[in-house]
Every structure is written in C-alpha cells, then in structure tokens.
Amino acid sequence: MKFTVNTTEFLKAINSVDGVISVREIKSALSNLKIQASDSTVYLSATDLEIAIKTSVNSVVGQKGSASLPAKQLSSIFKNLNFDTTSLSTNENNESSETLITDASGKMDTKFKVNGIDSEDIKTIPVVSDDNVVEFPCQTIREMFRKTSYAMAVEETRFVFNGLFLKPENTDLIVVGTDGRRLSKIVRKFPKEFPFKNGVIIPHKAVREMLKMMEGKETAKIGFIEEQIYVSSGNIELLFKLIDGNFPDYEQVIPKQASQSVRIVKADFLTFLKQALISAEEPSKQIRLIFSNGNVNISSSNPGTMMFDHNMPVEYSGEQITIAFKGDYLSDVVKVIDDPEVILEFSSSSAPVLFKDPSDSDFVSVIMPMKL
C-alpha cells in the first residue's frame, strides 16, 4: 500500500472515526484503524464490535492495499506533522506490517515507522444500496436527539435505558430518552417513513456518533441492514447493533393533567439554577423550588459550608408547595428548551413534574422529584 494525502484532511478523517475506539483497548484490532487505499480514495474504518464507522479522503494512490494501525499513535503523529502532504507506504513483506510516514514533498527529512497488525482483523462496512435506505433531514434529527439524549442513561444496569428509543408512526417519528428518573419525548414529521416498523433502541455511543457525523450536513440516509442500523451522511458511514430489550411504556410516566402551571423566564431561571448548583450538596446536588403566592424561591445548601437563596416573581396563586430536584436534572432540561420561557406543570411535591416548551407542543420532559 502506498499513497499521498493532504495532512489536514487525513487528520480530519482520523478524528471522524476514532470516537468509536474504547480507551480501554490498548493493543488489539479494536484499538486500530483500518486503512484501505483504492484508486483515488483512501478509506478509514474502526469498530468496537458493537458499532462500526467508515469514512474516506481523496488521495493519490500509488499502490492499492490496506493496513491496520494503532489509532492513538496515528492521531498523535498527524496532529504534530508540519508539512502539507504526507506519504504513507506499507511494506507488505514485513511480518509486522510496518508503515512508513514521510513528507510527500521530500522537503522535510521526517520519518515515522508504525507497526500494525493484519488488516483483515477489522471488519469494514459493506456497500449498501440506495434501495435499502431512506433520506432524512439532519437538522430535524439533531434537534430531536439534542432535546432527548440528555435524559438517557450511559451505564445503567437496565440496558434499555442506555440509548434513545425511536418509534415511527407513519411519517411521524417519536424519540424518547429516559434513565428511569427523568424522561424526555419529542415528535416530528418527516418526508418519508423510517425503514423500521417497530421501535428500536439506539445505543448512546451511536447517538453521539450520529450527532457528530450530521453536524453541518443537510441530509443523511438510514437503513435497516442485517438486524443493524446503517446511517450515512457525506462521506461518513455508521453501522451499529441495536440494544435488545423492551422499552418501557413511556406514556404511563407522562402525567395527563396537573393542578398547577407556572411560566418562568428561561434565561433568569437557568442563571439562578447554575448559582444554586454551586452550593448544592454532593452527590444529589439537591435544589428546592418553593412556590407561593406570586413567587418561586430557589434554594440549595451544603450544611456547614454554604447555602444559596433567591426569590423570583412568577404568576402563581395556589397553596405553597415545595418540590426538590436533583439539580443537574433541572438545568439539563431548561437548557434544551428553545423558547424564552419554560412551563412547569405539577400537582404535589411528590408527583412527576412536567417541563414544556411553549413554542414546541410536540416536546415534553418529566422529572421525578426527590424526597423532602
């Protein structure tokens, strides 16, 4: 294998695929990037066995072939190269698959030699026909993920919580995230139906990679290939396994009615929540909201160390009620609401609290209060 490539573009390609590599992997196929040189294109692939990612970069290929190189070292090298074009060549006869990295122009007498492994140990994404995918707008999916992914779990023992639930209903798509203590749901209409009839649970790592790959893109494609989800946007492709299990009945968690509804100015509310978090006691970082006539009191404390207290005028005329929240949960949901105001709906200090966006009737979030 031998090719010449723009140094900056190759580094971008490395950065776009190395996110799937686990930091716990040290010396194995799962810590390597697979590089394939073909015609005028070089393909880079990585996998952790649950998710595979592939991208491409234009190059001048002198000899077709492939190599498997350690991702961390390759990234470090290209971050510190001080020449515009780079040459990579692999000695196919060397058992260690040694790859030489040099200045393609020959002006710099710089040499890196990197030992790889058998490139066949890394399985790449197969060619997927356009007949098996559906195009969708990236901006809409990114918005849906942004408004729900904060609520999903990352390392919950109940695996179905470790991702986002996507459920199509004709041309509508429902996206739900929950960790069992909070929940976020959003619905949007799309030009075409998504290619899976039943709901699917996309793992959090795939959600993160999808958000990254769709940034700045107008459209992407999605398909259901061999019981896996395939997504492509621009020159990046993803193929990942779904989380197996039954997602809970999220509609049962969302209160159908509440006795009180309060509107709060988002910017001010978020400012005071951030201030309250400073003095909130670890690990819960509890923040209390006390609603009384025409006012909400926001408070937190770390006994013997500090406390915070602030009163905000609001339109409220019911009985005084105190609701305690895990502080991060409050700030997370307020951040994703786009309207200048946030609506809180509640009935008691122990009942689930609804958070709504006044300008987005298809979004709702629920937080279970903490015990007082």
Assess whether atom [atom1] of [X] is packed by more than 12 heavy atoms of other residues, nucleotides or ligands within 6.0 Å.
{"X": "Lys113", "atom1": "NZ", "value": "no"}
{"X": "Lys266", "atom1": "NZ", "value": "yes"}
{"X": "Gln257", "atom1": "CD", "value": "no"}

Which residues pass the side chain to side chain contact (heavy atoms under 4.5 Å, CB included) test with Lys111, sequence neighbours left out?
Leu100, Thr102, Asp109
Does Ser149 have any side chain to side chain contact (heavy atoms under 4.5 Å, CB included) partners at least two apart in sequence or in another chain, and if so, which?
Met152, Leu164, Val207
ILVMFWY clustering at 4.5 Å (side-chain atoms), partners of Val265:
none
Any pair with a residue in residues 340-352 that passes salt bridge (charged side-chain N to carboxylate O under 4.0 Å, His left out), sequence neighbours left out, goes on the list, sorted by first then second residue, please.
Arg263-Glu341, Glu345-Lys356
Residue pair Asn235, Tyr43: steps toward the side-chain hydrogen bond (donor to acceptor under 3.5 Å, both in side chains) verdict
CA-CA 10 Å; Asn235 64 339; Tyr43 299 93; over 6 Å; no
Taking atom types as modelled and ignoring hydrogens, do the side chains of [X] and [Y] form a donor-acceptor contact shorter than 3.5 angstrom?
{"X": "Asp328", "Y": "Tyr150", "value": "no"}
{"X": "Thr86", "Y": "Thr7", "value": "yes"}
{"X": "Thr4", "Y": "Thr85", "value": "no"}
{"X": "Ser279", "Y": "Ser300", "value": "yes"}
{"X": "Asp39", "Y": "Thr41", "value": "no"}

Side-chain donor-acceptor distances from residues 73-84 under 3.5 Å, at least two apart:
| residue | atom | partner | partner atom | Å |
| --- | --- | --- | --- | --- |
| Ser76 | OG | Lys72 | O | 3.0 |
| Asn80 | ND2 | Ser76 | O | 2.8 |

Hey, could you give me each pair passing ring-ring contact (aromatic ring centres under 6.0 Å, His included) that has a residue in residues 271-317? Not counting sequence neighbours.
Phe272-His310, Phe291-Tyr316, Phe291-Phe346
For Ser184 and Gly177, indicate whether the former's side chain and the latter's backbone hold a donor-acceptor pair under 3.5 Å.
no
Start with the C-alpha gap between Ser68 and Asn32, add the side-chain angles, then the distance that decides, and say whether side-chain hydrogen bond (donor to acceptor under 3.5 Å, both in side chains) holds.
CA-CA 6 Å; Ser68 175; Asn32 281 30; 3.1 Å; yes
